[in-house]
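Everything on this sheet refers to the single structure shown next.
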Amino acid sequence: MAGEMPTDFHQRAAQEMIAFLDAVGIERAIFWGHSDGGVIGAILGLCAPERCERLILEAFHFCRNKPGSRNFFERFTAHPEDLGEETRELLRQDHGESHWQNVPRRNCGAWMRIADMVQRPDEDLYDGRLGELRVPTLFLHGRLDPRTEPGEMERVRTELPRAEMRFVHNGKHSPHSEADAFQECNAIAGEFLRSAR
């Protein structure tokens, strides 16, 4: 399909971020990545740890295959108009009335193709390297996140037993922006960042 998002878009985005840091003269930064941004943040921490002061990885994805989300991906690939009005309006503002529907179609389509490429059920997005991450990292996760596979965060804890992992009690997939979760989410993130001083 023309205009498909490449399945290595996380890796490309990490390379783009390094190029951006170079262009604006930033040597090191703290990164807070949400969902796909959490994947990108982890890749940054693996490929350029010297550029990462700390990482906050919110609504993190570990598994390549997300069977619990397949219906979600299929639905919004076919019917992006089913997204909530607030989300649709934000996408319209960022991408325009004639293009906003391509955003969920391309992202969900890429996730389905990533899953379809899996040869073993335990494949992760980091080619088995997540345990090599040495940057101080907080995994900040909604306890009710519908995009999380059973056992997914437990696998992350096994890979990185020394990383900090905190669950937001009423958080779903976007704790930082949810009315029932943002205060707890921000308090946890603030505590993690203050501990660096």
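Values in this document were obtained by computation on a predicted structure and should not be read as measured data. The basis for the numbers below is simple: all heavy atoms, side chains too, and nothing from hydrogens, waters or symmetry mates.
Atom CG of Leu160 is separated from atom CG of Leu130 by 4.5 Å, given to the nearest 0.5 angstrom. For the atom pair CD (Glu4) and CG (Asn102), the distance works out to 12.0 Å, reported to the nearest 0.5 Å.
Side-chain contact between Ser177 and His34: absent, with no pair of heavy atoms (C-beta onward) separated by less than 4.5 Å. Glu58 has its side chain within reach of Pro175: a pair of non-hydrogen atoms, C-beta onward, lies under 4.5 Å apart. Glu191 is not listed as a side-chain neighbour of Ile188, based on a closest heavy-atom distance of 4.5 Å or more. Side-chain atoms of His176 and Ser174, non-hydrogen and from C-beta on, do get closer than 4.5 Å to each other. Side-chain contact between Trp100 and Leu83: present, with at least one pair of heavy atoms (C-beta onward) separated by less than 4.5 Å. The side-chain heavy atoms of Thr148 and Met153, taken from C-beta on, include a pair separated by under 4.5 Å. With contacts defined as side-chain heavy-atom distances shorter than 4.5 Å, the pair Leu57/Val156 does not qualify. Under the 4.5 Å side-chain criterion, counting only non-hydrogen atoms from C-beta, Glu159 is not in contact with Tyr126.
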Checking Glu123 against Asn65 for the side-chain contact (heavy atoms from CB on, under 4.5 Å) test, could you report, in this order, the C-alpha distance in whole Å, the side-chain angles of both residues, the deciding distance, and whether it holds?
CA-CA 8 Å; Glu123 283 184 54; Asn65 187 17; over 6 Å; no
Assess the residue pair Asn107 and Phe9 against the criterion (side-chain contact (heavy atoms from CB on, under 4.5 Å)); give the C-alpha distance rounded to whole Å, side-chain angles, the decisive distance to 0.1 Å, and a yes or no.
CA-CA 9 Å; Asn107 182 264; Phe9 74 92; 3.9 Å; yes
Before you tell me yes or no, could you show the steps for Arg147 and Asp36 under salt bridge (charged side-chain N to carboxylate O under 4.0 Å, His left out), namely the whole-Å CA-CA distance, both residues' side-chain angles and the distance that decides it to 0.1 Å?
CA-CA 11 Å; Arg147 304 283 71 83; Asp36 284 316; over 6 Å; no
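Between Pro80 and Thr77, the shortest heavy-atom contact is CD-O, 4.0 Å.
Ring geometry for Trp111 versus Phe73: interplanar angle under 30°, hence parallel rather than tilted (30 to 60°).
With a 6.0 Å cutoff to the six-membered ring centre and a 45° limit on the axis angle, Arg166 does not count as a cation-pi contact of Phe192.
The number of heavy-atom neighbours closer than 6.0 Å to NE2 of His169, taken from other residues, nucleotides and ligands shown, is 12 or below.
Salt-bridge formation is detected for the pair Arg92/Glu85: a Lys NZ or Arg NE/NH1/NH2 atom is positioned less than 4.0 Å from an Asp or Glu carboxylate oxygen. Ion pair Arg120/Asp122 flagged as a salt bridge, since at least one NZ, NE, NH1 or NH2 atom sits closer than 4.0 Å to an Asp/Glu carboxylate oxygen.
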